[in-house]
Amino acid sequence: MFRRNDVDSVGSDEAVIATNDDASSCKRCAVALGYWKDRYINYFVKATDRKAPEINRGYFARTVTIKILVDKFIEVTNGNCQIVNIGAGFDTLYWRLVEEGKSVKGFVEFDFPGVTSRKCLYIQRTKQLLQAVSDEDYDVKLNRNNLHGHTYKLTGVDLRNLTDVEAKVKESDLQPDLPTLFLAECVLVYMPLQKSAQLLRWIADRFKSALFINYEMVNLGDRFGEVMLNNLRTRGCDLAGADACQTTETQRKRFLENGWAGADSCDMVGIWSRLPPEEVARVSQIELLDEQELLRQLFAHYAFTTAWTDHRWSEVTL
Ligand SMILES: C[S@@+](CC[C@H](N)C(=O)[O-])C[C@H]1O[C@@H](n2cnc3c(N)ncnc32)[C@H](O)[C@@H]1O
């Protein structure tokens, strides 16, 4: 029987899935303007309208920070590590790493089957994408929602269902003892707090050498945050995890209360001031900003939180 709640949840899941299309088209727009290089994003998303300069700078700051942190983790582990991107959407990180010759032992992406089925299709029909997940000695296994290459695995799963996540992690050949970087860009906020807490605890229990990088909203309690929340809710997105996004401290706490040994959190105002000055100077020339205050407000409402089960990874910072 289909209950009213089921209908609401399916509708809301569709709206959450649509946030990936938004994120991807914002990334494509910023890449087209020259904020950073990404030869792969165009294969996943069509050209769209131009976004506001603040949005482009926001995506630049988010993408370059992830690049710096991921590259550091690969460097300090000498590539003897795994990367797991949860709620990966159409992220292109894997292809950048291959292009730059940065190899890892395993690279796994999870998202709703409604997203992974589209990503599978794009990879399958694009030589440049398919080549990078293929290996002479290993046949790529592909079905509607999943793609399993030797190193790269793309898997459809609802992250709120821990039993399914456990099964998919097993199928992905992830090794619990290897240093493992978990990435989540604007994902946990869409999950009920109890479900994201369960997931974080499960990861901490199982992966004893893990680093988690979480990028998402903070300061949702003020007027600007309220407007952000209302905009998303108007589009049908239930921000079930918003309570963990009140401050950088609530972001840190969600990890510390769920089995992580340490955590750090910094809003994007702080992150911006730590980015390489030459890069900041370069992108500041791309578009003029009429409203510096708007950019500052936007940066005050997003943060990077890193958490670790192994103290060695506390050094992976900007
Ligand atoms: C805002 S998009 C971000 C996509 C990507 N991380 C990026 O930054 O480009 C959020 C993503 O999280 C995924 N997501 C949210 N809740 C999920 C869940 N319960 N299970 C699987 N994926 C989920 C959505 O489908 C979507 O792809």
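Computation of the quantities below employed the complete heavy-atom set of this structure, encompassing side-chain atoms and omitting hydrogens, waters and symmetry-equivalent molecules. Because the structure is a prediction, the values reported are computed rather than measured. Both counts, for ligands and for their atoms, begin at 1 and track the order of listing.
The shortest heavy-atom distance from D91 to ligand 1 is not under 4.0 Å.
Ligand-side atoms of ligand 1 in range of V187: 12 (O), range being under 4.0 angstrom from any heavy atom. Ligand 1 places these atoms under 4.0 Å from at least one heavy atom of G89: 27 (O). Atoms of ligand 1 found under 4.0 Å from any heavy atom of V115, numbered from 1 in the order shown, are 25 (O). Annotation for ligand 1: atoms under 4.0 Å from non-hydrogen atoms of R62 are 7 (C), 8 (O). For ligand 1, the atoms lying closer than 4.0 Å to a non-hydrogen atom of A88 are 5 (C), 6 (N).
Nearest to atom 14 (N) of ligand 1 by heavy atom, out of F44, F90, F112, is F112. When the options D111, L93, D22 are ranked by their closest heavy atom to atom 22 (N) of ligand 1, first place goes to D111.
The protein heavy atom nearest to atom 20 (N) of ligand 1 is L159 N, 2.9 Å. Atom 19 (N) of ligand 1 has D158 OD1, 3.0 Å as its closest protein atom, hydrogens excluded (heavy atom only). In this structure, atom 4 (C) of ligand 1 lies nearest to the protein heavy atom G87 O, 3.5 Å. If you check which protein heavy atom lies closest to atom 10 (C) of ligand 1, you get C186 O, 3.2 Å. Ranking protein heavy atoms by distance to atom 7 (C) of ligand 1, first place goes to K27 NZ, 3.4 Å. The single protein non-hydrogen atom nearest to atom 2 (S) of ligand 1 is T19 OG1, 3.3 Å, given as residue, atom name and distance.
Shown here is K253, whose NZ atom has no more than 12 heavy atoms of other residues, nucleotides or ligands within 6.0 Å. Counted within 6.0 Å of CZ on R144, heavy atoms from surrounding residues, nucleotides or ligands total 12 or fewer; the atom is thus considered open.
Under 4.0 Å from ligand 1, the heavy atoms of V157 that appear belong solely to its backbone. With a 4.0 Å heavy-atom cut-off, ligand 1 is reached by no atom of S24.
Of the N and O atoms on the side chains of N219 and Q246, not one donor lies less than 3.5 Å from an acceptor on the other residue. In this structure, a donor-acceptor pair under 3.5 Å is present between the side chains of D38 and T92.
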### Steps toward side chain to side chain donor-acceptor pair (under 3.5 Å) verdict (D310, S209)
CA-CA 5 Å; D310 178 335; S209 187; 3.0 Å; yes
### Query
Does the side chain to side chain donor-acceptor pair (under 3.5 Å) test come out yes or no for D267 and H301, once each step is laid out?
CA-CA 7 Å; D267 71 23; H301 287 82; over 6 Å; no
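Note that CG of D222 is 9.0 Å distant from CE of M228, once rounded to the nearest 0.5 Å.
Listed for the K153 side chain is a donor-acceptor partner under 3.5 Å among the backbone atoms of H150.
Taking both residues in full, the closest heavy atoms of I41 and F90 are given as CD1-O, 4.4 Å, listed atom of the first, atom of the second, then distance.
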